[in-house]
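What follows is a short report on a single structure.
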Amino acid sequence: MDTSDIMVCIGILTDMLPKLRGRLGLTQREFAGVIGISRQSVIDLEHKNRKITRAILIAMTTFFSLHRETALLLYRNDLYSTNFMISLGFTEALIEKIFDFGE
């Protein structure tokens, strides 16, 4: 797997994390509890003071992909067209089918 593709995914998620949390009305503490990290880790991710591991990347993608409003944001920002997401089974076609928002 090309690490630059993973870095694209990480960039999308870290850039959008506050907005994604906001769409779901989650505090940093609530979001941290959902994906199994500390609140401080969420703060560090949002300020880009911490790198996202693959496990956190997958947990975040899975969580946000389960909600229409955040899945749509990620879809519009091309997260699901990256090779890394496709290798995990998160494809544009799957997200379009689940949420019926193909363009």
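FYI, side chains are in, hydrogens and waters are out, and symmetry mates aren't considered; it's all heavy atoms of this structure.
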Between [atom1] of [X] and [atom2] of [Y], what distance do you get to the nearest 0.5 Å?
X: Thr14; Y: Ile52; atom1: OG1; atom2: CD1; result: 5.5 Å
X: Met60; Y: Thr62; atom1: CE; atom2: OG1; result: 11.0 Å
X: Gln28; Y: Ile37; atom1: CD; atom2: CD1; result: 10.0 Å
X: Phe63; Y: Thr70; atom1: CZ; atom2: OG1; result: 7.0 Å
X: Leu73; Y: Met16; atom1: CG; atom2: CE; result: 4.5 Å

Determine, stepwise, if the pair Ile10 / Phe84 fulfils side chain to side chain contact (heavy atoms under 4.5 Å, CB included).
CA-CA 10 Å; Ile10 289 171; Phe84 181 68; over 6 Å; no
Can you sort out the partners of Arg50 under side chain to side chain donor-acceptor pair (under 3.5 Å), two or more places apart, ordered by chain and number?
Ser41
Pairing residues for Asp78 by the side chain to side chain donor-acceptor pair (under 3.5 Å) criterion, not counting sequence neighbours
none
Go through Met85 and Thr91 one step at a time and tell me if the side chain to side chain contact (heavy atoms under 4.5 Å, CB included) criterion holds.
CA-CA 7 Å; Met85 287 298 125; Thr91 65; over 6 Å; no
Linked, directly or transitively: Phe31 and Ile43 (ILVMFWY side chains, under 4.5 Å):
no
Linking I/L/V/M/F/W/Y whenever their side-chain heavy atoms sit closer than 4.5 Å, directly or via other members, would Ile86 and Ile98 fall into one cluster?
no
Pairing donors with acceptors under 3.5 angstrom, does anything connect the side chains of Tyr75 and Glu96?
yes
Derivation and outcome, side chain to side chain contact (heavy atoms under 4.5 Å, CB included), residues Leu74 and Ile95
CA-CA 10 Å; Leu74 294 173; Ile95 299 302; over 6 Å; no
Work out which heavy atom in [X] is nearest to a heavy atom in [Y]; give both atom names and the distance.
X: Gly89; Y: Leu94; value: O-CD2, 3.2 Å
X: Ser65; Y: Tyr80; value: OG-OH, 2.7 Å
X: Leu13; Y: Leu20; value: CD2-CD1, 4.0 Å
X: Ile12; Y: Asn77; value: CD1-O, 3.5 Å

Lys48: what forms a salt bridge (charged side-chain N to carboxylate O under 4.0 Å, His left out) with it, not counting sequence neighbours?
Asp15
Please enumerate all residues that pass salt bridge (charged side-chain N to carboxylate O under 4.0 Å, His left out) together with Glu30, with sequence neighbours excluded.
none
Closer than 3.5 angstrom, by distance alone: can the side chain of Thr82 be matched with the main-chain N or O of Leu79 as a donor-acceptor pair?
yes
Does anything in residues 38-47 pair up under salt bridge (charged side-chain N to carboxylate O under 4.0 Å, His left out), and if so which pairs, sequence neighbours excluded?
Arg21-Glu46
How would you list all residue pairs meeting salt bridge (charged side-chain N to carboxylate O under 4.0 Å, His left out) that involve residues 57-69, not counting sequence neighbours?
none
Can you check whether Thr61 reaches Ile58 side chain to side chain, under 4.5 Å on heavy atoms?
no
Leu72 vs Phe99, test: side chain to side chain contact (heavy atoms under 4.5 Å, CB included). Steps then yes/no.
CA-CA 8 Å; Leu72 181 58; Phe99 294 111; over 6 Å; no
